[in-house]
Amino acid sequence: MIESKGWNWEIVKEDKNSIWKNPSIESYYLVNRWKSKNKKDFLDLGCGLGRHSILFGKNGFNVFCFDISENAIDRTRKWAEQENLSLNFKVGDMLNLPYEDKSIDCILCRNVISHTDTEGMKKIIEELKRVLRKDGECYLTLGSKDSWAYKQNWPIVDENTKLRMEEGPEYKVPHFYADYDLIKDLFKEFSIEKINQIENFYEKDEETYTSFHYHLLIKNM
Ligand SMILES: C[S@@+](CC[C@H](N)C(=O)[O-])C[C@H]1O[C@@H](n2cnc3c(N)ncnc32)[C@H](O)[C@@H]1O
């Protein structure tokens with residue numbers, strides 16, 4: 001299994017307008033969905049700078065902020081203090097979550113669990129299964145093999161995984177890419193409640209690039 005490597009958040013400046021400080025669109029849906037199902041214990045797995053931890057904290061959830069990057073956890077902690085929110089913080093590796101069996105109601109891991117190889121992916125999925133309560137839910141995203149990045153001539157780790165070689169916070173961080181059949185097999189112990197493949201466009205050096213991500217909502221049975 002490849003060694004875990006988090007994002008280098010030290011090179012990412014604080015900017016309240018950046019995407020990392022503003023909740024993703026689907027997180028508002030998840031707040032409402034999980035409130036209406038009386039979910040309470042929320043794990044922000046790979047919380048980054050804390051945009052979802054803060055949103056769920058403000059909405060009355062008991063929030064566990066978790067990331068392998070100390071810098072990310074420090075910055076999430078500072079932001080929570082500014083907001084007068086009392087959240088729980090831990091630095092660690094998603095391959096071994098520091099939470100009790102069946103202790104969590106709902107998990108958001110947006111653009112996080114892809115940062116490993118195929119063996120690591122299987123281990124993380126076991127960890128999700130272990131910590132979620134029965135009927136607990138997890139919303140996660142996975143890079144798709146249709147993405148531009150998967151087609152790059154970057155170092156291959158295994159048949160599903162490459163090292164990302166662009167300069168920036170995810171330089172040399174492993175990226176696992178999936179397709180629909182692989183997803184069905186990996187998550188066979190869960191009920192897949194929703195699955196979408198979403199295409200994102202972005203411009204760089206006057207070129208248009210596309211990336212595709214699978215968005216999954218899974219339920220523990
Ligand atoms: C793309 S960022 C997403 C941050 C956050 N989920 C968000 O949507 O704003 C990926 C995050 O996953 C964390 N990460 C990567 N590998 C990890 C691991 N093995 N264990 C825990 N966190 C990890 C990174 O440090 C980074 O903060």
Side-chain angles (χ1 to χ4, degrees), residues 1-31 42-57 61 63-80 87-99 104 106-128 130-131 138-144 147 149 157 161-164 166 168-177 198 200 202 211-217:
M1 195 184 309
I2 194 160
E3 198 180 324
S4 296
K5 180 169 165 45
W7 270 40
N8 180 8
W9 284 109
E10 278 162 42
I11 63 170
V12 179
K13 292 201 184 91
E14 278 295 300
D15 169 6
K16 67 179 177 27
N17 296 318
S18 91
I19 61 160
W20 304 117
K21 299 290 281 188
N22 291 281
S24 59
I25 292 167
E26 68 279 353
S27 58
Y28 297 98
Y29 162 75
L30 293 170
V31 164
F42 166 75
L43 171 58
D44 191 359
L45 176 49
C47 61
L49 301 188
R51 58 184 178 150
H52 301 122
S53 298
I54 300 296
L55 176 71
F56 279 78
F61 287 79
V63 178
F64 298 88
C65 313
F66 181 79
D67 205 287
I68 199 169
S69 156
E70 264 187 54
N71 184 272
I73 291 292
D74 285 348
R75 287 162 74 173
T76 302
R77 185 185 281 115
K78 273 197 198 106
W79 189 5
L87 313 182
N88 307 280
F89 301 94
K90 277 216 164 105
V91 176
D93 190 336
M94 60 190 169
L95 294 168
N96 289 297
L97 293 176
Y99 306 106
I104 304 287
C106 45
I107 304 177
L108 175 55
C109 35
R110 201 180 191 284
N111 295 8
V112 175
I113 66 168
S114 286
H115 293 327
T116 186
D117 59 11
T118 306
E119 211 185 321
M121 181 59 61
K122 290 179 184 161
K123 177 76 172 88
I124 291 155
I125 293 169
E126 275 172 30
E127 285 293 86
L128 296 177
R130 181 181 70 72
V131 301
C138 173
Y139 190 96
L140 63 101
T141 61
L142 289 173
S144 159
S147 289
V157 177
T161 315
K162 291 193 174 179
L163 292 187
R164 190 134 187 150
E166 287 167 312
E170 41 186 348
Y171 180 63
K172 289 197 171 166
V173 172
H175 280 64
F176 171 92
Y177 296 92
I198 295 178
N200 304 105
Y202 59 100
S211 73
F212 290 85
H213 284 88
Y214 286 99
H215 286 231
L216 274 78
L217 180 66

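Along the sequence shown, the residues carry numbers beginning at 1. Order of appearance sets the numbers: ligands from 1, and atoms from 1 within every ligand.
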(message) Does the plane of the ring in His175 sit parallel, tilted or perpendicular to the ring in Tyr177? Use 30° and 60° as the thresholds.
(response) parallel
(request) Would you please name every residue forming a side-chain contact (heavy atoms from CB on, under 4.5 Å) with Pro169, sequence neighbours left out? (result) Trp7, Ile11, Val12
Go ahead and list the nitrogen or oxygen contacts between ligand 1 and the protein that come in under 3.5 Å, distances to 0.1 Å, or just say none.
from, atom 1, to, atom 2, distance (Å)
ligand 1, 6 (N), Gly46, O, 2.7
ligand 1, 6 (N), Arg110, O, 3.1
ligand 1, 8 (O), Arg51, NE, 3.3
ligand 1, 8 (O), Arg51, NH2, 2.9
ligand 1, 9 (O), Arg51, NE, 2.7
ligand 1, 19 (N), Asp93, OD1, 3.0
ligand 1, 20 (N), Met94, N, 2.9
ligand 1, 22 (N), Ile68, N, 3.3
ligand 1, 25 (O), Trp7, N, 3.0
ligand 1, 25 (O), Asp67, OD1, 2.7
ligand 1, 27 (O), Trp9, NE1, 2.8
ligand 1, 27 (O), Asp67, OD1, 3.3
ligand 1, 27 (O), Asp67, OD2, 2.6

(request) Could you pull out all residues at least two apart from Tyr214 that satisfy ring-ring contact (aromatic ring centres under 6.0 Å, His included)? (result) none
(request) Name all residues meeting the side-chain contact (heavy atoms from CB on, under 4.5 Å) criterion together with Ser18; count only those two or more places apart in sequence or in a different chain, and write none if there are none. (result) Asp15, Trp20, Lys21
(request) Identify which one of Phe42, Tyr28, Tyr139 satisfies the ring-ring contact (aromatic ring centres under 6.0 Å, His included) criterion when paired with Phe56. (result) Phe42
(message) Ignoring hydrogens, what is the shortest heavy-atom contact between Ser27 and Leu55? Give both atom names and the distance.
(response) OG-CD2, 3.5 Å
